[in-house]
Amino acid sequence: MTRISRILGWLLLAALVVATVVPIGLRPVTEAPVSPERFGAFALLEFLFALGYPRRRRRVLAVVILAAAGLEALQMVEVTRHGRMTDFLVKGMGGSLGVAMAMGLAFVPAIGAKVRGSREAGG
């Protein structure tokens, strides 16, 4: 479970970097409002990384929040984009929920045994 979570997390991070720094005309567009979209993307990102790196959840949360800040700053380089503090806060809150959800899985008996087992095995 940890290996798949790591791979999916890194792939999602790469996709988020591309979607965040490309010119606005190349940004993928959905019908969803942008704040819930950002929140959900970073919640999923952090969830995957927290499952993939169960012994480093605090560090992973810090790195994802720093990545969100860096991505907002990188948007200042692209003329058609703009980084905003509110966007950063939404991404940070999404990441926080993602790690909380991953930690909560340890309390679900069927899944928790796998999460704890991979952590104990050094996964």
Legend entry - From L13 atom CG to L8 atom CG, the distance as rounded to the nearest 0.5 Å: 12.5 Å
Identify every side-chain donor-acceptor pair in residues 92-104 under 3.5 Å, counting partners at least two apart or on other chains, and give the distances.
residue : atom : partner : partner atom : Å
S96     : OG   : G92     : O            : 3.0

Inset, instruction - Taking the side chain as every heavy atom from C-beta outward, state whether M85 and L89 have any pair of such atoms under 4.5 Å apart. - result: yes
Inset, instruction - Among Ile, Leu, Val, Met, Phe, Trp and Tyr joined by side-chain contacts under 4.5 Å, find the other residues sharing a cluster with I7 and list them by chain and number. - result: L11
Legend entry - Transitive ILVMFWY side-chain link V64 to V17, under 4.5 Å: yes
Inset, instruction - Would you list the pairs meeting ring pair (Phe, Tyr, Trp, His ring centres under 6.0 Å) in which at least one residue belongs to residues 5-47, sequence neighbours left out? - result: W10-F49
Legend entry - side chain to side chain donor-acceptor pair (under 3.5 Å) partners of T86, counting only residues at least two apart: none
Legend entry - For Q75, side chain to side chain donor-acceptor pair (under 3.5 Å) partners two or more places apart: none
Legend entry - Counterpart residues, side chain to side chain donor-acceptor pair (under 3.5 Å), relative to R84 (two or more places apart): H82
Inset, instruction - State which residues pass side chain to side chain contact (heavy atoms under 4.5 Å, CB included) with M76; sequence neighbours excluded, sorted by chain then number. - result: none
Inset, instruction - Taking all heavy atoms of L45 and all of G9, pick out the closest pair and write down the distance. - result: CD1-O, 3.3 Å
Inset, instruction - Would you list the pairs meeting ring pair (Phe, Tyr, Trp, His ring centres under 6.0 Å) in which at least one residue belongs to residues 54-81, sequence neighbours left out? - result: none
Inset, instruction - State plainly whether one hydrophobic cluster holds both L66 and L74, where clusters connect Ile, Leu, Val, Met, Phe, Trp and Tyr through side-chain heavy atoms under 4.5 angstrom apart. - result: no
Legend entry - Spacing of CD1 belonging to I65 relative to CZ belonging to F88, to within rounding of 0.5 Å: 6.5 Å
Inset, instruction - Please check if Y53 and L12 belong to a single hydrophobic cluster, counting links between Ile, Leu, Val, Met, Phe, Trp and Tyr side chain heavy atoms closer than 4.5 Å. - result: yes
Sequence neighbours excluded and cut-off under 3.5 Å, please list the side-chain donor-acceptor pairs for residues 31-38, or say none.
residue : atom : partner : partner atom : Å
E37     : OE1  : R27     : NH2          : 2.9
E37     : OE2  : T30     : OG1          : 2.2
R38     : NH1  : D87     : OD1          : 3.1

Legend entry - Same apolar cluster: L71 and V60, side chain cutoff 4.5 Å: yes
Legend entry - Pairs where residues 59-68 contributes a residue and the test salt bridge (Lys or Arg N to Asp or Glu O under 4.0 Å) is met, not counting sequence neighbours: none
Inset, instruction - Please collect all salt bridge (Lys or Arg N to Asp or Glu O under 4.0 Å) contacts where either partner lies in residues 88-98, sequence neighbours excluded, each pair once. - result: E72-K91
Inset, instruction - Keeping to residues at least two apart or across chains, list the salt bridge (Lys or Arg N to Asp or Glu O under 4.0 Å) pairs with something in residues 93-105. - result: none
